[in-house]
Each structure stands twice: as C-alpha cells, then as structure tokens.
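Let me begin by presenting the structure, written as structure tokens, before commenting on it.
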Amino acid sequence: MNPGKLDRRITFGTFLSVENQYQDYVITFVPALVTWANVRISDGARQLEAGEQVINQTYRFTTRYRRDFEPTKDMRILYDGNYFTIHSVRDLEDRRRFYEIVARVTDENSQN
C-alpha cells in the first residue's frame, strides 16, 4: 500500500449512553481516533429483510498500523457523515504496517 493513497479522514469511536443536564440518557458517538485512510467500495449485495429489498454496500478501509491503537469490532467508523459497523480487522501483509478493515453502513445509519 502506498501511504500517499491514505487520503480520506475517518474517525474510530464507540456509542455510549450519557446522562445530559436534564438527567436523560442520550446515545452519543465518542471519538477514539481520527486518522487518514484509503477507502474503497468493495461490493454490494441485495437481500430481502422483513419483506423489503435492502442493498448492503461493503467498504474496505486501509489505515496505518499503530502501536497505541487497535481497531475492534465493538467500534464504529464515522466517514462522510455515515456510521459503519466493523466486520473484520486484519493486519495487511502481516507486517504491522497497515490495517484493512471491512465495514458496512449501519442499518438506516442508526446509532445501534
């Protein structure tokens, strides 16, 4: 991977339930890391869910390996105003240089 192709900003984070000033709990996105990535649309699939046809688009995010941060499936990626669910994380070429993360847009872009 050419590091010059890491030309998109993405944010790793998690959703947490936080109490606001009115003692109500709201779900909020808490960023953990903002970094550069290469973003590719991998493939799309049509499937039938609850009687409706749904198109799932799979994205592949490539980021630099970091000693102080490791993405997990519990995290979400915020990119271009959409939240993505992480399905797999792998060390590209097993050299600790780049991560390849396979993710999909969360259902209806919700915060679940």
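Just the heavy atoms: all of them, side chains too, but no hydrogens, waters or symmetry mates, feed the values below. Predicted model only: the values in this text are computed from it and were never measured.
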Q. Which word best sums up how the rings of Phe61 and Tyr79 line up, parallel for under 30°, tilted for 30 to 60°, or perpendicular for over 60°?
A. perpendicular
**Q.** Any side-chain heavy-atom pair of Arg9 and Val34 under 4.5 Å
**A.** yes
Q: Please check if Val105 and Ile41 belong to a single hydrophobic cluster, counting links between Ile, Leu, Val, Met, Phe, Trp and Tyr side chain heavy atoms closer than 4.5 Å.
A: yes
Q: Say whether Val102 and Ile10 are linked into one hydrophobic cluster, either directly or through other cluster members, by side-chain heavy-atom distances under 4.5 angstrom.
A: no
Q: Answer yes or no: is there a side-chain heavy-atom contact under 4.5 Å between Arg104 and Gln57?
A: no
**Q.** Atom pair CE/CD1 of Met75 and Ile101 - distance to nearest 0.5 Å
**A.** 10.0 Å
Q: Would you check if there is a donor-acceptor pair between the side chains of Arg60 and Ser42 at a distance under 3.5 Å?
A: yes
**Q.** Criterion ring-ring contact (aromatic ring centres under 6.0 Å, His included) on Phe12 and Phe69, from CA distance to verdict
**A.** CA-CA 10 Å; Phe12 289 96; Phe69 178 81; 5.3 Å; yes
Q. Are the aromatic ring centres of Phe29 and Phe15 under 6.0 angstrom apart?
A. yes
Q | Cluster link Ile86 to Tyr65, ILVMFWY, side chain under 4.5 Å | A | yes
(Q) Does any part of the side chain of Gln23, heavy atoms only, come nearer than 4.5 Å to the side chain of Tyr25, both counted from C-beta? (A) no
Q. Is a side-chain donor or acceptor of Asn38 paired with a backbone partner of Lys5 at a separation under 3.5 angstrom?
A. yes
